Amino acid sequence: MKKYILLFSLVGLLGFNSCSDELNTEPTNKVSGPQLFTDATSAQTAINGTYRMLYIAGWSTNWASENCGQTAIQLLADLMGEDHLMLSQGNGWFYEDYRLNVHGDYTGKSGRSYSIWNFYYTIISNLNYIIASEETMSGDPEEKNSIIGQAYAMRAFSYFYLIQLYQQTYVGHQTSPGVPVYTEPTVAGTEGKARGTVEETYTQINSDIDKAITLLGGLKDKNQSHVSHVDYYVANGFKARIALVQHKYGDAVTAASEALKKPNLKIASVKDLGGNNSVNTADVLWGVEIITDQTSGVAGFFAHMDADVEGSYGSKAPQCISTGLYNLIPSTDARKAAWWRGPIADDAAVSGTSKQSYCQLKFKMADPKTRTGDYLFMRAEEMVLIKAEAECSQSLFTAARNTIAELGSARDSKYADRLKTFTDSKEYNQNTNSPIVTLMDEILFQRRVELWGEAGRIFDLQRLSLGYNRKYDGSNHTETIQTKDTKAASKLFILPLPQSELDGNENISDEDQNPIVR
């Protein structure tokens, strides 16, 4: 088995709980991992460490500033699509993702192939030790079931992102190579797993998330002890995402509906969302609260997004919405002015700030002095969108209209009139810049606007079998990538396996590598 999965396992995990971002790289065969989790208290420390992994940097040998955990992966997946652009190159961080130009980095340990693989498999390695303690862990049964349930949910979450990033979407590719699946603790020398199939990977994902829902749903108190912890409702949110990709629309409706039952959860107003930087907003199902001594500074999501913070990377390489999407947003929609600048006359533009055409205002640091802001990983609005899309996909048009109206009415003062104009159909435009005609067009449009910068547009393009064209009349894309394939299921929409995996895993050979496009 590849060494780099092992290097950051149990000892490294416990190191994540300190204020330092230094990783302890002691091999796991020098630690008796399962003995650490003989009781629920020590296992709770471990699961807390796993959550911290979601927002720290350092998953690659170099370029740490663009490898800042889960939000970095969501951002790069957004930039790989057509709705999100970078106004300038800066130092190149995230710009190569935007250019679909990262395949050549698979041979080293600085690029996307290695950093993402390392990130998720490190999390999985740690979770496997926690899950292995399920039968022997002592302590309060409620606490134990909560911890084990969270571990199963996070393992499903990790494999779900891995399979989407390293293989084409589920439908139509079930027999294609998947990703190696590890469900037991690993130590230096553990034999590596073969890739298996996409179907086998999803079988494990579904098994894990169902186990998580059973454990977390059986608790007397189903609510989170902290917003960073996965609870019963968040686990259902995971299941809704997974079911949507698999086109299991009935399951997606059920799971999203269950997630929306979280007490006191509600759709937030655009004003209340502010800079999308607080886990205390009423719509947040899951997120991490960042305190000053835990911020990653320049190696953080908001440093890349907020162009108005002096010296931030966002001021050097502003993040913007495409004119194609922006022009589809009605003027009565509160998000249009609150989340993006819109067109600015050349003589009014101010370089190094958000006062440039179409620059984003959706994500702003809560405190520019300390460079902090909370990370929101799941919001109620996403569950409404999943539910509406899944209902429409089953031709349940009245239900889908009622569901999408919950979100649309909270965003657009004229939404009821607008919604009436769309025809009842589950068909949708293949040209993503075309006018909105059907109900499904509208639901997918609402998803593009609401989840811009946070869901990863490339994942939606994959599951919907869509491609895109960035070169159109009035396009503001700085990279139109006309020489590259951006049709549905493009080889550039997924990553090569890192060379380190091929070198270190005896059950994966060069023949098992994904297509590499230079």
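Computed from a predicted model, the values in this text were never measured in an experiment. Keep in mind that the numbers below use all heavy atoms, side chains included, and drop hydrogens, waters and symmetry copies.
Taking the six-membered ring where tryptophan is involved, the planes of Trp452 and Trp340 are perpendicular, since the angle between them exceeds 60° and thus also 30°. Ring geometry for Tyr121 against Tyr182 counts as perpendicular: the plane angle is over 60°, on a 0 to 90° scale with 30° as the lower cut.
Not one N or O on the side chain of Asp231 forms a donor-acceptor pair closer than 3.5 Å with the backbone of Asn223. With hydrogens and angles ignored, the 3.5 Å screen pairs no side-chain donor or acceptor of Tyr233 with any backbone N or O of Pro263. When atom types are taken as modelled, the side chain of Asn277 and the backbone of Lys364 share a donor-acceptor pair closer than 3.5 angstrom. Panel note: side chain Ser60, backbone Ser115; no donor-acceptor pair is recorded below 3.5 Å. Under the 3.5 Å distance criterion, the side-chain polar atoms of Tyr129 are matched with a main-chain donor or acceptor of Thr186. The backbone N or O of Thr38 lies less than 3.5 Å from a partner atom in the side chain of Ser138, making a donor-acceptor pair. One N or O on the side chain of Gln224 and one on the backbone of Leu285 form a donor-acceptor pair closer than 3.5 Å. The backbone N or O of Gly456 sits nowhere less than 3.5 Å from a side-chain atom of Asp460 that would complete a donor-acceptor pair. A donor-acceptor contact shorter than 3.5 Å links the side chain of Asn118 to the backbone of Trp59. Side-chain atoms of Thr281 do not come within 3.5 Å of backbone N or O of Val284 as any donor-acceptor pair.
Interatomic distance, CE of Met154 versus CD1 of Ile131, reported as 11.0 Å (0.5 Å rounding). Separating the CZ atom in Arg379 from the CG atom in Asn276 is a distance of 5.5 Å, to the nearest 0.5 Å. Rounding to the nearest 0.5 Å gives a distance of 6.5 Å between OG1 of Thr122 and CE of Met53. The CD1 atom of Ile290 lies 15.0 Å from the CZ atom of Arg371; values are rounded to the nearest 0.5 Å. With rounding to the nearest 0.5 angstrom, the CG atom of Leu376 is 12.0 Å from the CE atom of Met378. Distance NZ/Lys248 to OG1/Thr254: 13.0 Å, rounded to 0.5 Å.
Within the 4.5 Å cutoff, no side-chain heavy atoms of Glu200 are placed close to those of Val181. Between Ile124 and Leu162, the closest side-chain pair of non-hydrogen atoms falls below 4.5 Å. Using a 4.5 Å heavy-atom threshold, the side chains of Asp283 and Ile267 count as separate. Inter-residue side-chain proximity for Ser146 and Glu142 is flagged as unmet; no heavy-atom pair is nearer than 4.5 Å. Between Asp83 and Tyr326, the closest side-chain pair of non-hydrogen atoms is not below 4.5 Å. Using a 4.5 Å cut-off on side-chain heavy atoms (C-beta onward), Leu85 and Tyr358 make no contact. The shortest side-chain heavy-atom distance between Val253 and Thr403 does not fall under the 4.5 Å cut-off. You'll find the side chain of Val449 stays beyond 4.5 Å of the side chain of Lys336, heavy atoms only.
Shortest non-hydrogen contact noted between Val270 and Ala338 is CG1-CB, 3.5 Å. Minimum interatomic distance between Lys387 and Ser257 (heavy atoms only, all atoms of both residues): CE-OG, 3.4 Å. Contact between Ala72 and Glu66 at its shortest, heavy atoms only, is CB-O, 3.6 Å. Nearest heavy atom pair, residue Cys359 against residue Pro318, reads SG-CB, 3.8 Å. A pairwise comparison of heavy atoms in Asn62 and Ser110 identifies ND2-OG, 3.0 Å as the closest pair. In terms of heavy-atom proximity, Ile163 sits nearest to Gly178 at CD1-CA, 3.6 Å.
Neither side chain, Glu389 nor Ser393, offers a donor N or O lying under 3.5 Å from an acceptor on the other. Asp251 and Gln246 are not linked by any side-chain donor-acceptor pair at a separation below 3.5 angstrom, with hydrogens and angles left out of the test. Neither side chain, Glu406 nor Asn402, offers a donor N or O lying under 3.5 Å from an acceptor on the other.
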Worked verdict on Asp78 versus Gln74 for side chain to side chain donor-acceptor pair (under 3.5 Å) | CA-CA 6 Å; Asp78 222 46; Gln74 291 165 192; over 6 Å; no

Give the C-alpha distance, both sets of side-chain angles, the deciding distance and a yes or no for side chain to side chain contact (heavy atoms under 4.5 Å, CB included) between Leu385 and Leu444.
-> CA-CA 8 Å; Leu385 288 160; Leu444 296 178; over 6 Å; no

Where do Tyr313 and Trp93 land on the ring-ring contact (aromatic ring centres under 6.0 Å, His included) test, with the steps shown first?
-> CA-CA 9 Å; Tyr313 191 68; Trp93 298 335; 4.8 Å; yes

Could you walk me through whether Asn236 and Met383 pass the side chain to side chain contact (heavy atoms under 4.5 Å, CB included) check?
-> CA-CA 10 Å; Asn236 272 283; Met383 294 300 109; over 6 Å; no

Using the side chain to side chain donor-acceptor pair (under 3.5 Å) rule, take Asp306 and Ser312 through it: C-alpha gap first, then chi angles, then the decisive distance, then the call.
-> CA-CA 7 Å; Asp306 195 340; Ser312 72; 5.9 Å; no

Yes or no on side chain to side chain donor-acceptor pair (under 3.5 Å) for Thr372 and Asp367, after CA distance, side-chain angles and deciding distance?
-> CA-CA 5 Å; Thr372 54; Asp367 185 350; 4.8 Å; no

Glu289 and His226: CA distance, side-chain angles, deciding distance, side chain to side chain donor-acceptor pair (under 3.5 Å) verdict | CA-CA 9 Å; Glu289 186 176 16; His226 189 271; 3.0 Å; yes

Go through the steps for Gln167 and Val179 under the test side chain to side chain contact (heavy atoms under 4.5 Å, CB included), then give the verdict.
-> CA-CA 8 Å; Gln167 188 50 273; Val179 296; 5.9 Å; no

Chi angles and distances behind the salt bridge (Lys or Arg N to Asp or Glu O under 4.0 Å) call for Lys222, Glu258 = CA-CA 12 Å; Lys222 294 182 177 63; Glu258 199 66 18; over 6 Å; no

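For the ring pair (Phe, Tyr, Trp, His ring centres under 6.0 Å) with Tyr120, the lone residue among Tyr114, Tyr161, Tyr159 that qualifies is Tyr161. The only option from Phe377, Phe119, Trp286 that meets the ring pair (Phe, Tyr, Trp, His ring centres under 6.0 Å) definition with Phe157 turns out to be Trp286. Looking at Glu199, His247, Gln462, Arg463 one by one, the single match for side-chain hydrogen bond (donor to acceptor under 3.5 Å, both in side chains) with Tyr170 turns out to be Glu199. Under the side chain to side chain contact (heavy atoms under 4.5 Å, CB included) rule, Lys362 has a single partner from Glu454, Arg335, Met305, Gln319, which is Glu454.
Salt bridge Arg411/Glu381: present, at least one basic N to carboxylate O contact under 4.0 Å.
Residues satisfying the salt bridge (Lys or Arg N to Asp or Glu O under 4.0 Å) test with Asp97, not counting sequence neighbours, are Arg112.
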